[in-house]
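Let me begin by presenting the structure, written as structure tokens, before commenting on it.
First the proteins, then the strands, lettered A, B, ... as listed; each starts at 1. Excluded from the calculations below are hydrogen atoms, water molecules and symmetry mates; all remaining heavy atoms, backbone and side chain alike, are included. Just so it is clear, the model here is predicted, and its values are computed rather than measured.
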Amino acid sequence: MEVRLGYVAMSVHVANASPSKTMTAAQFDKIGDKEAGLHKLERIAEENIHNCIRLLYHNRAYNIKFFRLSSRLIPLVGHEYTHGWNYMDELAPHFQKLGEVAREDGVRIDFHPDHFVLLNSPRKQVFDTSHKVLEHHIRMLTAMSLSPKHRCVMHVGGAYSDKEKALKRFVANWDKVSPEVRQAIMLENDDKVYTARDTLMLCETLGIPMVLDIHHHRCNPGQDADISSLLPRILATWSRSSLPPKMHISSPRSDKNKRAHADYIRPEELFPFLKEMARMTERLDIMVEAKQKDDAVLRLMDWVKREGEVHGIQAVNGGAFTV
DNA sequence: ACAGGTCAAGTCGTA
DNA sequence: TACGACTTGACCTGT
């Protein structure tokens with residue numbers, strides 16, 4: 001099985017390379033002139049995109065082939081202050097360059113829209129805003145000349161004091177989601193409400209690839225203390241995707257704060273799964289969700305190099321290896 | 001220069 | 001019904 005490790009949005013190694021510099025609404029308001037404000041936002045976005053390119057060059061050095069882009073590349077997008085802003089007029093060439101670098105290196109790029117993007121909300125306005133945010137993500141992917149298919153991972157949403165009803169509402173709302181947005185989505189189990197089993201059922205019903213988050217599953221296992229029996233079905237949700245199945249891993253921050261992400265990944269979070277997965281899939285992309293970002297990936301890579309052989313791992317090449 | 005507070009979003013638990 | 005906590009990185013304000 002070919003495994004590729006990835007990390008989230010920013011680096012602790014590359015200095016001054018934030019991909020999510022922003023401007024507050026108050027600051028925008030203070031400028032007074034909308035055109036001038038939008039121009040400034042475009043300059044910030046340009047810098048964010050440029051920093052993503054720098055991060056991809058950094059990834060190239062370590063053969064890291066999987067990367068989640070920040071969902072905050074363009075500040076205040078969707079805010080009422082920026083209504084009617086054709087940000088792509090200015091930013092398209094920069095996105096194009098970012099996409100070129102990603103393609104050159106064969107890097108899998110994806111997004112994780114923020115947790116207030118909710119397709120199962122009973123409030124129409126929340127649904128509409130969420131849909132707009134997802135359309136915005138597709139616009140960015142298209143500007144990078146990357147296929148938007150299965151590039152946005154998100155959660156099922158809120159429980160709204162009736163989980164069964166809220167699950168049904170997700171299915172009902174799915175009809176109102178545009179075909180482009182539907183294709184872009186992957187669903188992930190969360191750490192409080194929707195278990196891996198809940199999410200899987202939804203994914204099977206609607207034909208959505210499922211991203212298994214191991215850490216969330218440990219926080220919120222439901223009836224499936226052992227995830228093994230669900231793994232073949234989870235992998236099967238990827239059968240019609242051109243992308244390899246994807247997982248998230250992280251370790252709990254502490255006993256008191258189990259849900260929060262630790263700085264690093266404990267290798268034992270990973271290895272029992274790898275052998276099991278290797279029997280079921282040819283490829284697997286693993287997103288490392290750790291506070292120390294790329295450094296957590298580098299540390300895991302060192303571990304794989306040092307001790308991996310015992311666990312059946314061969315042919316290590318930076319952030320990619322074979323099990 | 002640094003610390004602590006604020007922002008942005010929607011949901012959810014507690015008064 | 002109203003408000004604070006939650007989450008995250010960055011910005012903002014006061015020292």
*Decide whether a cation-pi geometry holds between A/R169 and A/Y160; the criteria are a distance under 6.0 Å from NZ or CZ to the six-membered ring centre and an angle within 45° of the ring axis.*
yes
Candidate nucleotides [options], ranked by approach to the side chain of [X] - the nearest:
X      : options               : value
A/L118 : C/dT8, B/dT11, C/dC11 : B/dT11
A/A25  : C/dG9, B/dA8, C/dC11  : B/dA8
A/Y160 : C/dC12, B/dT11, B/dA9 : B/dT11

Using a heavy-atom cut-off of under 4.0 Å over every strand shown, decide if [X] touches base, sugar-phosphate, or nothing.
X      : result
A/R123 : sugar-phosphate
A/S161 : nothing
A/A9   : nothing
A/A159 : sugar-phosphate
A/S70  : nothing

*Helical bend (five base pairs per end, nearest 10°) for the helix from B/dA1-C/dT15 to B/dA15-C/dT1*: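 Between the first-five-pair axis and the last-five-pair axis there is 70°.
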Give me the distances for all protein-to-nucleotides 3-6 of chain C N/O pairs that come in under 3.5 Å?
none

Please check if the number of heavy atoms outside [X] that lie under 6.0 Å from its [atom1] is greater than 12.
X      : atom1 : result
A/H39  : NE2   : no
A/E282 : CD    : no
A/K21  : NZ    : no

*Quick one: are A/M247 and A/V211 in side-chain contact, heavy atoms under 4.5 Å?*
no
*Under the side chain to side chain donor-acceptor pair (under 3.5 Å) rule, what do A/T195 and A/N220 come out as? Steps first, then yes or no, please.*
CA-CA 6 Å; A/T195 63; A/N220 183 26; 5.7 Å; no
*Relative to the ring of A/H311, is the ring of A/W303 parallel (under 30°), tilted (30 to 60°) or perpendicular (over 60°)?*
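Tilted.
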*State whether the side chain of A/H155 and the backbone N or O of A/D191 hold a donor-acceptor pair below 3.5 Å, judged by distance alone.*
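Answer holds: no.
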*Identify which one of A/H150, A/K246, A/R151 satisfies the side chain to side chain donor-acceptor pair (under 3.5 Å) criterion when paired with A/D110.*
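Between A/D110 and the candidates, side chain to side chain donor-acceptor pair (under 3.5 Å) is satisfied uniquely by A/K246.
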*Between A/G6 and A/I64, what is the shortest heavy-atom contact and its length?*
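Distance-wise, the nearest heavy atoms are CA-CG2, 4.4 Å.
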*Taking DNA chain C as the partner, which of residues 285-299 of chain A come within under 4.0 angstrom of it by heavy atom?*
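Of all residues in residues 285-299 of chain A, the ones placing a heavy atom under 4.0 Å from DNA chain C are A/K291, A/K293.
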*Go through the steps to decide whether A/T237 and A/E204 satisfy the test side chain to side chain donor-acceptor pair (under 3.5 Å), and finish with yes or no.*
CA-CA 7 Å; A/T237 64; A/E204 286 175 341; over 6 Å; no
